Chemist: 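Before I ask anything, here is the structure I am working with.
Because the structure is a prediction, the values reported are computed rather than measured. Here, residue 1 is the first one in the sequence, and each next residue gets the next number. When a ligand or atom number is given, it counts from 1 through the structure's own listing order.
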Amino acid sequence: MKLPSKARAVAHSNIALVKYWGKRTGSSADLNLPAVGSLSMTLSDLRTETMLRTQVDIDRFILNGKEQTGSVATKVFAQLDRVWASKHSGARPRCEVESQNFLPTSAGLASSASGFAALTLAAAGAFCLPLDMSALSRLARQGSGSAARSLWGGFVRLDRGQRDDGLDCLARQLFRQRHWDVRLLIVHTAKGPKPVSSRSGMEQSRLTSPYFEPWVATSEADLDAAQSALSDRDLHSLGTIIEHSCFKMHACMMATQPPLVYWNGTTLEVFHALWAARAQGLVGYGTSDAGPHVKVLCLPHAADALSERLGKVPGVHKVEVVRPGPDAHVEVSP
Ligand code: PMV
C-alpha cells in the first residue's frame, strides 16, 4: 500500500472543567484508562501543529525546532507504533515528526493534550486510518488521558467506562464551539516546566492518597451536574462545580505521599483575588491543573476587568484570554 508522503494536523489544547486524576486500579498501563471521567473546554489559540513525513530513513522528533531524544521521543514513537498497529501489521515506516507548540510545554497548560491529539491525527492521516474521531480519541488517550478530549472543539466529555478493554472509555463532543461565548483567562504564575509529570503524580496519588477513593466516588455526580449547567449556560452553577472539582483534586494530590503540591504562593493569591472580585460582583470561577497557573472562566463582559485585576497580583507575569476553540483537523498530501 502506498502511503501519503505527509500529513499535517492541528489540535487545540483543552482545560478540564471537571478534572481527571488517576488511573483505574488493575487496568493495563498501556490502555491508560482513567479512574474518573472528565469534562473540558477546548481552547482557541493554544494549539499544537504537527507535520508527519513518511518517506524518510530514520525516526526523528523535532519539537519547537529542536530535535528531541530520550523519553520524550520514545513516547512519540510508541504512539506512532500504536496508531500503525491499530490498522496494519508488519513494521511501521520510519517517520519524521515536526511539532510546534503554540503554548508552553509541560507547564500544566495541557501541551500533552494538544500534542498527542495532533500526533495521533497526523499519524492516522499518514497511515490511511479511517478518520473515526471516537476511535482516534481512544488511541490519543493511550498517549495522554487529556489528549482524548482534544480531537473536538467546544465542550467535550470523556466517560471513564467500565470495560477492561477500554472500548467504552469514550470522549464525545457535548456542545460545539459556538454553544456559549465564554472566556477563559489563563493566569500565568510561573515560568518553566512542572517538577512531577501528571502520569507519575496520579499514580502516586492512587497508591498513597487517603482521599483518592472519595475523589473517584464523587466525580460522576460532578460530571452530570456540570453537563447540565453547561447545557443551561449557567455560569454560577458550572463555576461552583469547577472550583469544587479542582479543589478536591488538589486535596487528593496534597494528601499523596510524598505531598504533590503543584501550586506556588501566587496560585493561592490569585484564587483569593478572584474570590474578592466575585464578592464585589466581578464574576469568574477558577481552576488549576498539574501546575501553578490558574484558569478562570467568565463571561465576555467581565474578561478585561478580571484580567487587569488578576494581572496585578504580585507574581503574575501574564494573563491570556482565550475562547472555546475549534475541532482538530488533518490535511494529507499524496
Ligand atoms: O492526561 P494528562 O497526563 O495530560 O493529565 C491531565 C491531568 C489534569 O490536567 C490535572 C486534569 C485533566 O483532566 O486535564
Chemist: Heavy-atom contacts with Trp21 under 4.0 Å: which atoms of ligand 1 show up? List them by number with element.
Modeler: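 With Trp21 as reference, the close atoms of ligand 1 come out as 10 (C).
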Chemist: Mark up the atoms of ligand 1 that fall under 4.0 Å of a heavy atom belonging to Met202, in ascending order.
Modeler: 5 (O)
Chemist: Out of Gly201, Ala147, Ala290, Ser146, whose heavy atom is nearest to atom 2 (P) of ligand 1?
Modeler: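 Shortest heavy-atom distance from atom 2 (P) of ligand 1: Ser146.
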Chemist: Could you check whether the rings of Phe247 and Phe271 sit parallel, tilted or perpendicular, using 30° and 60° as the cut-offs?
Modeler: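 Because their plane-to-plane angle is over 60°, the rings of Phe247 and Phe271 count as perpendicular.
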Chemist: Would you find a donor on one side and an acceptor on the other, under 3.5 Å apart, between the side chain of His188 and the backbone of Val316?
Modeler: no
Chemist: Which residue in the set Val83, Leu121, Thr120 passes side-chain contact (heavy atoms from CB on, under 4.5 Å) when paired with Leu129?
Modeler: Val83
Chemist: Of the non-hydrogen atoms in Val283 and Cys298, which two are nearest, and what is the gap between them?
Modeler: O-CB, 3.4 Å
Chemist: Can you tell which part of Ser112 has a heavy atom less than 4.0 Å from ligand 1: side chain, backbone, both or neither?
Modeler: side chain
Chemist: For Arg149, take its heavy atoms, then give the atoms of ligand 1 lying under 4.0 Å from any of them.
Modeler: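 Counting from 1, the qualifying ligand atoms are 12 (C), 13 (O), 14 (O).
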Chemist: Under 3.5 Å between any N/O of Arg199 and any N/O of ligand 1: does that happen in this structure?
Modeler: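 No - when backbone and side-chain N and O of Arg199 are compared with those of ligand 1, no distance drops under 3.5 Å.
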Chemist: If you measure from each heavy atom of Ala113 to ligand 1, is any distance below 4.0 Å?
Modeler: no
Chemist: Test your reading of the structure: does Ala16 have an N or O sitting under 3.5 Å from an N or O of ligand 1?
Modeler: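 Not met; the criterion fails.
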Chemist: Could you tell me whether a side-chain N or O of Thr240 sits under 3.5 Å from a main-chain N or O of His236, the two making a donor and an acceptor?
Modeler: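 Yes, because the side chain of Thr240 sits within donor-acceptor range (under 3.5 Å) of the backbone of His236.
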Chemist: How about CG on Asp304, more than 12 heavy atoms from neighbouring residues, nucleotides or ligands closer than 6.0 Å, or not?
Modeler: no
Chemist: Show me which atoms of ligand 1 lie under 4.0 Å from any heavy atom of Ser198.
Modeler: 2 (P), 3 (O), 5 (O)
Chemist: Specify side chain, backbone, both or neither for Ser144, according to which of its non-hydrogen atoms lie closer than 4.0 Å to ligand 1.
Modeler: both
Chemist: Counting only heavy atoms closer than 4.0 Å, does ligand 1 sit against the backbone of Lys23, its side chain, both, or neither?
Modeler: neither
Chemist: Is it true that Lys19 and Asp222 make a salt bridge, defined as a side-chain N closer than 4.0 Å to a carboxylate O?
Modeler: no
Chemist: Any chance CZ of Arg323 has more than 12 other-residue heavy atoms, nucleotides or ligands included, within less than 6.0 Å?
Modeler: no
Chemist: Identify, by atom number and element, the atoms of ligand 1 in contact range of Gly145, meaning under 4.0 Å from any of its heavy atoms.
Modeler: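 Numbered from 1, ligand 1 contributes 1 (O).
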